[in-house]
K.L.:
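Starting off with a structure, shown below.
Order of the sequence lines fixes the chain letters, A, B, ..., with proteins taken first and strands second; residue numbering starts at 1 for each chain. No hydrogens, no waters, no symmetry mates; every other heavy atom, side chains included, goes into these values.
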There are 2 protein chains.
Amino acid sequence: MSEQGLTIGKLAAAADVGVETVRYYQREGLLDTPEKNDSIRRYDKAALRQLRFIRKAQEAGFTLKEIRELITLDAGEDHQRAFELASIRLSELDKKISEMQRARDSLSKLAQHCACAGKSQPCAILAAFED
Amino acid sequence: MSEQGLTIGKLAAAADVGVETVRYYQREGLLDTPEKNDSIRRYDKAALRQLRFIRKAQEAGFTLKEIRELITLDAGEDHQRAFELASIRLSELDKKISEMQRARDSLSKLAQHCACAGKSQPCAILAAFED
DNA sequence: CTTGACTCCGTACTATGGTACGCACTTTAT
DNA sequence: ATAAAGTGCGTACCATAGTACGGAGTCAAG
């Protein structure tokens, strides 16, 4: 007997996370724990989709707490709040992106003249971030 | 008697961090603790510069551990290693930036048709990150 | 000259996001 | 049919980056 869904191991692998991480998300209420028909729990496509959503949302900088909220919001009808969370995240994402862009530029400038200079002066890295 | 340097409070304020954070950095070996002439420790420009460097480097995504290494490297002569750390960070920064850019796009697309749609369907946020 | 703010230092506690461990099953491959 | 691999659960532990607390001493302004 097999194809009535993924085992936790397969689910985890499909989303490229560890089994322990899946269990952790369950404990945190981000992923629900399916009933067990036999002795082993089986996960369907929806669970995989949700797990993947969690990871994508994390990449967008949402905390697990926020993600939990988004998930409940998705099930309910408080559209407004989800929109709000998304807007906040969007603007913080923009802020973070330009911050990182600036950091990137400083760092690449450093790499530039670190590469051509010999090995004399005190390393320019401390100076690299000075405005 | 005053202007022989900043007090810890002034130092912290000048770098926009908390006093406890400064002490934490000292404990972690990122910032050294100056000798005390009287009963209070005084911090000079170099300390402020270093503290600011720590924050900038954090923005670039370096961990405190790496920053500690960069600082010792700056004092010493292992240019090579500093260059290596910077290169690694640079490429991870690039990776992270495009990841966030992608997340940003998904999110803004969502905000778009979340704004125009009414409040019917299940909120599109779960779908927003699907490739 | 005292009251409130600041400092010093040590230690404890926090949040976030996991990872590991142990033990008792249950599958599955050999 | 037996050993290796996987599952279920509960609990413990981890790193990272701080933040808070308490008590004793010090300094500056009214």
K.L.:
Please work out whether the ring planes of Phe129(B) and Phe62(A) are parallel, tilted or perpendicular, with thresholds of 30° and 60°.
P.N.:
perpendicular
K.L.:
Distance check: side-chain N/O of Gln58(A) vs OP1/OP2 of dG18(C), anything under 4.0 Å?
P.N.:
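True: Gln58(A) side-chain N/O within range (under 4.0 Å) of dG18(C) OP1/OP2.
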K.L.:
Please determine if a side-chain N or O atom of Ser39(A) lies less than 4.0 Å away from the OP1 or OP2 oxygen of dT7(D).
P.N.:
no
K.L.:
To the nearest Å, how far apart are Phe62(A) CZ and dA15(C) C1'?
P.N.:
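Distance, rounded to whole Å: 19 Å.
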K.L.:
Base, sugar-phosphate, or nothing for Arg55(A), non-hydrogen atoms under 4.0 angstrom?
P.N.:
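Sugar-phosphate contact only - Arg55(A) comes under 4.0 Å of backbone atoms but never of a base.
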K.L.:
To the nearest Å, give me how far apart CG (Leu51(A)) and P (dG17(C)) are.
P.N.:
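Distance check: Leu51(A) CG to dG17(C) P gives 15 Å.
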K.L.:
Can you establish whether the number of heavy atoms outside Asp38(B) located under 6.0 Å from its atom CG is more than 12?
P.N.:
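It does: Asp38(B) CG has more than 12 such atoms within range.
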K.L.:
What is the distance, to the nearest angstrom, from the CD atom on Glu28(A) to the C1' atom on dG10(D)?
P.N.:
15 Å
K.L.:
Report for the helix from dC1(C)-dG30(D) to dT30(C)-dA1(D): angle between first-end and last-end helix axes, five pairs each, rounded to 10 degrees.
P.N.:
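One end axis against the other gives 20°.
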K.L.:
Any side-chain heavy atom of Leu107(A) sitting closer than 4.5 Å to one from Leu93(B)?
P.N.:
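Side chain of Leu107(A) against side chain of Leu93(B), heavy atoms only: contact under 4.5 Å found.
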K.L.:
Do any side-chain nitrogens or oxygens of Thr21(B) fall under 4.0 Å of OP1 or OP2 in dA17(D)?
P.N.:
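For dA17(D), OP1/OP2 do not have a side-chain N/O of Thr21(B) under 4.0 Å.
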K.L.:
Indicate whether OP1 or OP2 belonging to dA17(D) is found under 4.0 Å from a side-chain N or O atom of Tyr25(B).
P.N.:
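No, outside the criterion.
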K.L.:
Hey, what are the protein-to-nucleotides 9-13 of chain C N/O distances that come in under 3.5 Å?
P.N.:
from   : atom 1 : to       : atom 2 : distance (Å)
dC9(C) : OP1    : Arg41(B) : NH2    : 2.2
dC9(C) : OP2    : Arg41(B) : NE     : 3.0
dC9(C) : OP2    : Arg41(B) : NH2    : 3.2

K.L.:
Between P on dA24(D) and CD1 on Ile40(B), what's the gap in Å once rounded to a whole number?
P.N.:
18 Å
K.L.:
Under the salt bridge (Lys or Arg N to Asp or Glu O under 4.0 Å) test, which residues partner Arg41(B), sequence neighbours left out?
P.N.:
none
